Structures are given as structure tokens and as C-alpha cells.
Amino acid sequence: MIVGIDLGTTNSLIAVWEDGAPRLIPNSLGETLTPSCVSLDEDGSILVGRAARERLQTHPARTASVFKRYMGSDKLIRLGEREFRPEELSALILRSLKEDAEAVLGHPVTEAIITVPAYFSDAQRKATRAAGQLAGLRVDRLLNEPTAASLAYGINLRDAETRFLVFDLGGGTFDVSVLDLFEGVMEVRASAGDNMLGGEDFVLCLINHFFEQQKIPLGLKSDAHFMQRLIAATERAKRALSDSASATIQISHHDTEYAMTLDEAAFERVCAGLLQRLRDPVERALRDANLRITELDNVILAGGATRMPVVRRLVARMFGRFPACDINPDEVVALGAAVQAGLKMRDAALDEVVMTDVSPYSLGIEVSMQLGDRSYSSGHFDPIVERNTPVPVSRVKRYHPVSDNQKYLELNVYQGEARMARDNIRLGSLKVALPSLPIDDSGIDVRFTYDVNGLLQVEATVVKTRETHVLVIEGNPGMLSEAEIAARFITLSELKIHPRDRIEHRTLLARAERLYQQLRGQGREWFGARIVAFEQALETQDKRVIDPVRAQFEATLNEIEHDSFTVPFND
Ligand code: ADP
Ligand code: MG
């Protein structure tokens, strides 16, 4: 059985194709959204999901989040005394999802389809595949997130003929795809996006504004404890603005109280720059698809950040209609990944669905341009596969050296749209030896093959000798070799994951710790005693003792969370 996984910046989900429909699998807390957070507990075991997210504030030096942003780089992330690569932290999330699925399905899970932002680069995709391997999963396919969202929508519209745009704004990335559905064939016409734009940026934007408006000492920005508390308070305010007309960000530091109340209009003003940046990829995708906004039949929202009314209003204004959101925007990508799993397993219910995707960016090499007779201008980017070409694709282009008897040709491979190679993303290089020949007789054929996973292979053939070289785009600082993956797989497997059956209580305790730090004085003292009482109940390991204490404890946590807590009298 193949599972579908949405490995998100903020939240991750796992789903399966079952009885002709996609189904989400809940984690051990019974929730379908697992926060993409990892924390190293004091006993050396790994906490994943909500328990880890609670610890972002209480144990910022032992906890990591938003590491998807660093996929494809060699940034190391420290958790306590250990350091992890971004793909290793992602692997811990995947492992936890895999275990949840195994617990529910009752059999081992070894194969997965993992979604990635359409705009993910070659290095980011390879890192995602490596994360799967590190979690003991064979990655059958990397599926673009907006394509997955379309699949989730599309299976219900199979007989329709429709054109739609997927607007996917998650925690850290923004993706847009324009699709065409015709006679059961779903075709991505164009994709565009911004890898550095998501819901978290709205939080950062609010925080910067808060610092300015409240004249908070800038030095506090490097106080991890303060910042984690502020991020959480701002996240709460941002979400509150999705349901009510105004919200307040409030935080104290020593004895100073900072507070700022925002209404919708103020929020829109503060984040105007971010809202403006959402327009570009939409316009580019439509231009590449050769469509006008009025030719779209629908707009589909995906990603938790599309719950923000300011974003919905922007979409409605741009498209002149209200977007569709009949599938929960948090879940639509994972459901689509499960549909792809169904397609892969050739489920009869999906017989007629065909899906085609495109390369979201141009791929090419650095060349010198001939100006006059003998002069050249170097460093230009020459695309071989242009953006939004249907995949899989294989293209060949012939290149000549710039001088007679030139001994080598150096191929520098780039991805991007800029005119000059240096302004694009460098993927790797390959040096090819040439036989001594005059310019016109010498040359190489460069073949780019871009597969359905969005992974590139580059091959160079010397025209005269038919000798072929393959560019291995590995050995990049941001990339693990197969041998390194194998070695790290062993190290990771040795890490103890917090036992599943105890995660629920561990999560409650992590949350209690966070709330304890919020309280002061008498309340704090009283609550401290409640935590000890809960811990003592847990030690009995007797469900009859634990359950009532736990129910009471949880009610107290909710009261503190919602500020409706007062210290009981005779306690
Ligand atoms: P990702 O795919 O990157 O993991 P998600 O689709 O889970 O992201 O979306 C996470 C983002 O959605 C976060 O930035 C979160 O703050 C935002 N979000 C979730 N719910 C709401 C809400 N009700 N109002 C505003 N933003 C929300
Ligand atoms: Mg997402």
C-alpha cells in the first residue's frame, strides 16, 4: 500500500486511498494535522508534533520548526546537544506519520507519495526524497502541492470541462497552478510561486510592526524565549482576525506590558507588501497559460493561510468572484496525494483519470554570446527546457566552443528566469573534454531530461566521438550522497522516539509547562501543585486513577488558556 503525505512547513498529514476515496489518517492524539515540529526531550527521546510545538516556547533551544525552509541547504539545526540537517528533522516527522498510519492500518507502510511546493528546486526535491529514505520510506513520487490539490478536486468533476486556478498559501510557501480538465485529462497549464512567502511571514510582519509601534527595545529580538512567546501571541492574534473584527497582541517583559490592537483594515495596511507579492505569481501563471482571468471557471484555495479574510478578499478582488473552498484547505493537498497513490496502484475507480504536470521554472546552461566577429559576452543564461513545459520532457541543444582547438567545455547548469546565469540558481557543473578541432566541427549535444518528480538529468555527448558524459548534480553542499543517507539512516534509527501510547500525556505536560510559565504568584503555585498531582496519577499507571485526574487537569489547562482561570478557594 502506498500512502500520500503532505510534508508541510507548519503541519503535515498522511492519507490513504481506500474503497475508492481518499481518507486522512489521524495521529495518536486523534488529530489529522501533525505540527511539523521536533523537540529533543530531556531523557534524549524525540518528540514530534503537538508536544514539540508546545515546547517551542518552554524549550526553544531543544525544539525546531519551519525547517522545511532550509531543505536543500546544508544548514544545521541544533536541538540541545545534537545537530540535525533539515532532511533529518523532516525524516523524523515522516517516521512519526508512518507509525501513525501503521497503527491505524495494522500493517507496515513502506512506500509513499510526498508532496512538495511546485516551486521547489532540484536540491529541495532531492532533500525531500532523502528525508523519505531516512524515514525508511520508498518515495514513489514527488507530487507538486497545487497539482495534488487539483487531483482532490478533480476526481469529483471528472466529466466536467473546466479551467481553474489553485491558490495555495501555506505556512512558508506560496504556489499557484492553472489547470485544464477535459475528457478526464487533467493538465497543469502553468505553475508559478514564491518559495519564501507564507502565513509565517504575516506573523513576522506583525511582529516588526509591533516592535516599532510599541517601541520595544530591539535587543529583545535576540531573546529566544521572548521571541517564541511573542510569535505564539502574534499567531493567536492573526488567527483571531480570521473570526473576529479585531485582535490584540499582548506580551509582558519583566514589568513592562506591551499591547497592540488591530482591526482588519490595520492588518491589511501592515501586510500590504505581502499581499502585493501574492499577485505576481498569479499573473505570471496566467500569462504562461495564455489565459485571461475571466476565462477561469473557478479558483480553489489550499493552505491554512487562505483562511485569512484579507487573503480571501484579495483573491475575490483579483478574480471578481469568491473562491471555492468546499474541501478543507488544510487537508486538500494530503487528500490529493492519496488520490495519486490510488492512481499509482491503478485503482479501478480512477481508471480514466490522467494527470499531466509542467516544469515550474526554466532550466538551462551558461553560455557566451557572440557579439561581433571575434568578441564574446559571457555569463548569459540559455534555457534548454523552458518553464511550464509539460513533463516528462527531454530536450537536446547543440553548443560549440568559442575557439578552435578548444580542449574543454565547461557546462554550468542553472534554473531560473534571469537573463544572466549568475542571477539564477546554480544546480551543478560538468567539464567535457573535446577533441582538437576547428570551432564549426567541434561541439557537444546537451540533453536535459526532466521527469515527473521534477528531477533533472543532464547528459552531454561530444558530437565527433559520440562520447557521453552524465552530470551528477550531487556533491552539492546541500545534498546528501546515497552513502551518507545510508549512514545517517542508521544514526536516526537509533534515536528513541517518544512511545506512541504515552504521547497524549506527554503533550498535556508540555502544554502545562508552557501555561505554568505564563502564570505568576498564587495561580502559579496552585497550578504547580496540580501538575505534580497529575504526574503522581500517571505514575500509578492505573487507568482508573489517571482518567478522572486527567479530565480535571485538562479542564484547568483550557481555563488558563482562555484566561477564565481563577485560583479555587479552599484548595
Ligand atoms: P504548510 O502547508 O506550510 O504546512 P498549512 O497549510 O498547514 O501550511 O498552513 C499553515 C499556515 O496557515 C500557518 O501560517 C498558519 O498560521 C495559517 N493558518 C492556519 N489557520 C489559520 C486561521 N484560522 N487564520 C489565519 N491563518 C491560519
Ligand atoms: Mg501545505
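Because the structure is a prediction, the values reported are computed rather than measured.
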Chemist: Quick check on side chain to side chain contact (heavy atoms under 4.5 Å, CB included): which of L105, V109, T32 does I25 satisfy it with?
Modeler: L105

Chemist: What I want to find out is whether R419 reaches D423 closely enough, with some N-O distance under 4.0 Å, to be called a salt bridge.
Modeler: no

Chemist: Is E111 salt-bridged to K344, going by a charged N under 4.0 Å from an acidic O?
Modeler: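 Salt bridge between E111 and K344, a charged N being under 4.0 Å from a carboxylate O: no.
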
Chemist: Under 3.5 Å, is there a donor-acceptor pair between the side chain of E417 and the main chain of S362?
Modeler: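 Flag set: sc E417 to bb S362 pair under 3.5 Å.
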
Chemist: Taking D122 for the side chain and L456 for the main chain, is one N or O donor matched with an acceptor at less than 3.5 Å?
Modeler: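 Side chain of D122 to backbone of L456, a donor-acceptor pair under 3.5 Å: yes, one is there.
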
Chemist: Are K68 and F120 in a cation-pi setup, meaning NZ or CZ lies under 6.0 angstrom from the ring centre and within 45 degrees of the ring axis?
Modeler: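 Here K68 passes the 6.0 Å and 45° test against F120.
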
Chemist: Between D201 and G198, is there a donor-acceptor pair closer than 3.5 Å when you use the side chain of the first and the backbone of the second?
Modeler: yes

Chemist: For F226 and H253, run ring pair (Phe, Tyr, Trp, His ring centres under 6.0 Å): C-alpha distance rounded to whole Å, both residues' side-chain angles, the deciding distance at 0.1 Å, then the answer.
Modeler: CA-CA 8 Å; F226 178 77; H253 184 254; 5.3 Å; yes

Chemist: Could you walk me through whether S191 and S177 pass side chain to side chain donor-acceptor pair (under 3.5 Å), step by step?
Modeler: CA-CA 4 Å; S191 284; S177 286; 2.7 Å; yes

Chemist: Treating N424 as the side-chain partner and A418 as the backbone partner, does any N or O pair qualify as donor plus acceptor under 3.5 Å?
Modeler: yes

Chemist: Check D297 with R163, please: is the shortest side-chain N to carboxylate O separation under 4.0 Å?
Modeler: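 No, R163 and D297 are not salt-bridged.
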
Chemist: Take a 6.0 Å sphere around CD of E386 and say whether it holds more than 12 heavy atoms from other residues, nucleotides or ligands.
Modeler: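 Not more than 12 within 6.0 Å, no.
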
Chemist: Salt-bridged, E268 to R313, with N to O below 4.0 Å?
Modeler: yes

Chemist: Going by an N to O cut-off under 4.0 Å, is there a salt bridge joining D243 and R236?
Modeler: no

Chemist: Between E235 and K238, does at least one N-O distance fall below 4.0 Å, as a salt bridge requires?
Modeler: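 Salt bridge between E235 and K238, a charged N being under 4.0 Å from a carboxylate O: yes.
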
Chemist: Within the 4.5 Å heavy-atom criterion, are L363 and R395 side-chain neighbours or not?
Modeler: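 They are not in contact (no side-chain heavy atoms under 4.5 Å apart), so the answer is no.
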
Chemist: Go through it in stages, so that I can follow the logic: the residues are D357 and T147, the test is side chain to side chain donor-acceptor pair (under 3.5 Å), and I'd like the CA-CA distance, side-chain angles, deciding distance and then a yes or no.
Modeler: CA-CA 7 Å; D357 211 336; T147 308; 2.9 Å; yes

Chemist: Keeping the roles fixed (side chain from S150, backbone from P146), state whether a donor-acceptor pair exists under 3.5 Å.
Modeler: yes

Chemist: If we check ring pair (Phe, Tyr, Trp, His ring centres under 6.0 Å) with F174, which of these qualifies: F202, Y119, F167?
Modeler: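 Answer after filtering F202, Y119, F167: F167.
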
Chemist: Can you tell me how far the CZ atom of R284 sits from the CG atom of D194, to the nearest 0.5 Å?
Modeler: 9.0 Å

Chemist: Before accepting this row, confirm whether a basic side-chain N of the pair D288/R189 lies closer than 4.0 Å to the acidic partner's carboxylate O.
Modeler: no

Chemist: Could you state the interatomic distance from CD1 (I216) to CE (M260), rounded to the nearest 0.5 Å?
Modeler: 8.5 Å

Chemist: Look up atom CD in Q518 and atom OG1 in T58, then write down how far apart they are to the nearest 0.5 Å.
Modeler: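 If we round to the nearest 0.5 Å, Q518:CD and T58:OG1 are 11.0 Å apart.
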
Chemist: Using atom types as modelled and distance alone, determine if a side-chain donor or acceptor of S73 lies under 3.5 Å from a backbone N or O of Y70.
Modeler: yes

Chemist: Can you find a heavy atom in the side chain of D175 that is under 4.5 Å from one in the side chain of V166?
Modeler: no

Chemist: To the closest 0.5 Å, what do you measure between OG (S36) and CD1 (I93)?
Modeler: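 Rounded to the nearest 0.5 Å, the OG-CD1 separation comes to 4.5 Å.
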
Chemist: Starting at OG of S244, measure out to CD of E264 and round the result to the nearest 0.5 Å.
Modeler: 9.0 Å

Chemist: To the nearest 0.5 angstrom, please state how far the CG atom of L92 sits from the CZ atom of F84.
Modeler: 6.0 Å

Chemist: Below 4.0 angstrom, N of the basic side chain to O of the carboxylate: do R287 and E283 qualify?
Modeler: no

Chemist: Please step through side chain to side chain donor-acceptor pair (under 3.5 Å) for the pair S359 and T389, ending with a clear verdict.
Modeler: CA-CA 6 Å; S359 76; T389 305; 4.6 Å; no

Chemist: Test side chain to side chain donor-acceptor pair (under 3.5 Å) on R53 and N11; report intermediate values, then the result.
Modeler: CA-CA 11 Å; R53 196 182 59 195; N11 294 301; 4.7 Å; no

Chemist: Any donor-acceptor pair under 3.5 Å linking the side chain of T256 with the backbone of S252?
Modeler: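 No.
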
Chemist: Determine whether a donor-acceptor pair (N or O, by modelled atom type, separation under 3.5 Å) exists between the side chain of R514 and the backbone of R55.
Modeler: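 Looks like no, no N/O pair under 3.5 Å.
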
Chemist: Whether the side chain of R125 engages the backbone of N453 through a donor-acceptor N/O pair (distance < 3.5 Å, no angle test) should be reported.
Modeler: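 Such a contact is found between R125 side chain and N453 backbone.
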
Chemist: Under 3.5 Å, side chain of S96 to main-chain N/O of V48, donor-acceptor pair present?
Modeler: no

